[in-house]
Amino acid sequence: MSEPKDNWQKLARLARQAPQPSAAEVPFGFATRVAARWASSESPAPSAWEVWEQFSLRGLMLASVLVVAVAFTSYDLATPGWTQAYTMADAVVDPIFEE
Amino acid sequence: MGEQPGLEVAVCLARVRERDEDAARALVEHLYPLVIKIVRAHLPRRLDEEDLAQEIFMKVFANTAQYRGEVPFEHWVSRVAVSTCLDRLRAQKRRPEWRWADLSEGEAEVLDAVLHNEAEPHPSHAADAGELVSKLMQTLSPEDQLVIRLLDLEERSVAEIAAQTGWSQTLVKVRAFRARRKLRKQLEELEQQKRHE
């Protein structure tokens with residue numbers, strides 16, 4: 001690209017010799033300001049997966065509690081056959097032991 | 001780059017991920033020279049360099065989880081800085097063209113020397129040449145400005161620019177070719193205006 005009559009390259013070559021800005025010293029308090037602003041900013045928003053995961057876990061826990069509660073309150077209704085069988089067997093076994 | 005002696009970037013980064021403010025401060029001090037160099041090179045007009053540097057650091061901290069360690073952390077930060085500067089440049093209106101009358105006395109003088117002298121202009125005109133180049137580049141798209149600045153002013157290689165921008169090497173070359181063509185056209189138009197004066 002460095003043709004002899006390339007005015008753009010000629011200008012760019014000259015511009016490259018322009019004095020550069022002074023050394024990059026961190027301005028006083030800049031790092032503290034940036035760090036404090038970042039620390040005070042909110043935590044990054046959770047991803048859709050994280051929201052779904054949290055929601056599912058809470059749902060699962062609630063469902064488990066409900067299952068236990070329902071099982072506890074309706075134990076007799078849920079197992080009438082077993083209770084009846086036990087009562088009948090008890091009635092048969094008790095006289096044998098009484099003898 | 002003015003690195004802090006003994007700063008373990010990986011350790012510091014891990015602490016930043018745990019929202020350690022001291023680690024964030026150390027990282028800012030470590031990365032400031034790199035970030036400010038990019039900001040100064042691409043600073044959109046009328047923008048304070050410290051504000052832009054602060055915005056870049058906030059983006060870096062907000063996205064540390066996305067850094068996978070595939071490239072050195074400094075390269076990743078450079079890319080964040082370049083893309084932030086590009087966003088800001090995009091938000092600004094491009095200048096359609098420059099006329100001879102818009103140039104300062106020094107800029108007009110240096111342009112005259114570039115256009116009409118066979119010899120290289122004297123280095124004492126370098127500062128004016130720098131100003132003139134910045135003006136001419138304002139007529140380019142942000143992407144073209146970036147390529148020209150890195151390639152022709154900072155003399156980076158095409159491979160380096162591709163790594164810093166995430167563009168392919170072919171795209172970098174095509175952009176450079178088109179941008180230089182536009183700049184040469186600008187110079188020709190300015191020369192014609194000068195002749196008609």
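Just so we're on the same page: letters track the sequence lines, and every chain starts at 1.
- Closest of all the heavy-atom pairs between B:A129 and A:L11 is CB-CD1, 4.1 Å.
- Proximity of a side-chain donor or acceptor of A:R16 to a complementary backbone N or O of B:D152 within less than 3.5 Å is detected.
- Pairing each heavy atom of B:V133 with each of A:A15, the nearest pair is CG2-CB, 3.7 Å.
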Open item on the list: The test is side-chain contact (heavy atoms from CB on, under 4.5 Å); show your working for A:R33 and B:E50 and say whether it passes.
Closed with: CA-CA 11 Å; A:R33 222 169 33 247; B:E50 261 188 48; 2.9 Å; yes
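- Open room surrounds NZ on B:K37; 12 or fewer heavy atoms of other groups in view lie less than 6.0 Å from it.
- A salt bridge does not link A:R37 to B:E21: none of the charged nitrogens lies less than 4.0 Å from a carboxylate oxygen.
- Heavy atoms of B:L153 lying under 4.5 Å from chain A belong to its backbone as well as its side chain.
- Counting heavy atoms from C-beta on, the side chains of B:P33 and A:E25 never come closer than 4.5 Å.
- Top candidate by heavy-atom pairs under 4.5 Å with chain A, chosen from B:V16, B:N63, B:V35, is B:V16.
- Under the 4.5 Å side-chain contact rule for hydrophobic residues, B:L132 and B:W98 do not share a cluster.
- For the atom pair CG of A:N7 and CG of B:L183, the computed distance is 12.0 Å after rounding to the nearest 0.5 Å.
- The aromatic rings of B:F61 and A:W38 sit tilted, their planes meeting at an angle between 30° and 60°.
- Residue pairs meeting the ring-ring contact (aromatic ring centres under 6.0 Å, His included) criterion with at least one partner in residues 74-95 of chain B, sequence neighbours excluded, are B:Y67-B:W76, B:F73-B:W76.
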Task: Worked check of side-chain contact (heavy atoms from CB on, under 4.5 Å) between A:F30 and B:E29 - done: CA-CA 9 Å; A:F30 177 80; B:E29 282 169 359; over 6 Å; no
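- Residue with the most contacts toward chain A among B:D20, B:I36, B:L136: B:D20 (heavy-atom pairs, distance under 4.5 Å).
- Linking Ile, Leu, Val, Met, Phe, Trp and Tyr residues whenever their side-chain heavy atoms come within less than 4.5 Å leaves B:V174 and B:I148 in two separate clusters.
- B:V80 and B:V71 fall within a single hydrophobic cluster, where Ile, Leu, Val, Met, Phe, Trp and Tyr are joined by side-chain heavy atoms under 4.5 Å apart, directly or via other members.
- In this structure, chain A has a heavy atom under 4.5 Å from the side chain of B:E155, while its backbone stays farther away.
- When all heavy atoms are compared, the tightest approach of B:P121 to A:K10 is CD-CE, 4.1 Å.
- Neither the backbone nor the side chain of B:A23 comes within less than 4.5 Å of any heavy atom of chain A.
- The side-chain tip of B:R181 does not point at the ring of A:W8 from less than 6.0 angstrom away and within 45° of straight on.
- Listed by first then second residue, pairs satisfying side-chain hydrogen bond (donor to acceptor under 3.5 Å, both in side chains) with a partner in residues 120-135 of chain B read A:R13-B:E120, B:E107-B:K135, B:H122-B:S124, not counting sequence neighbours.
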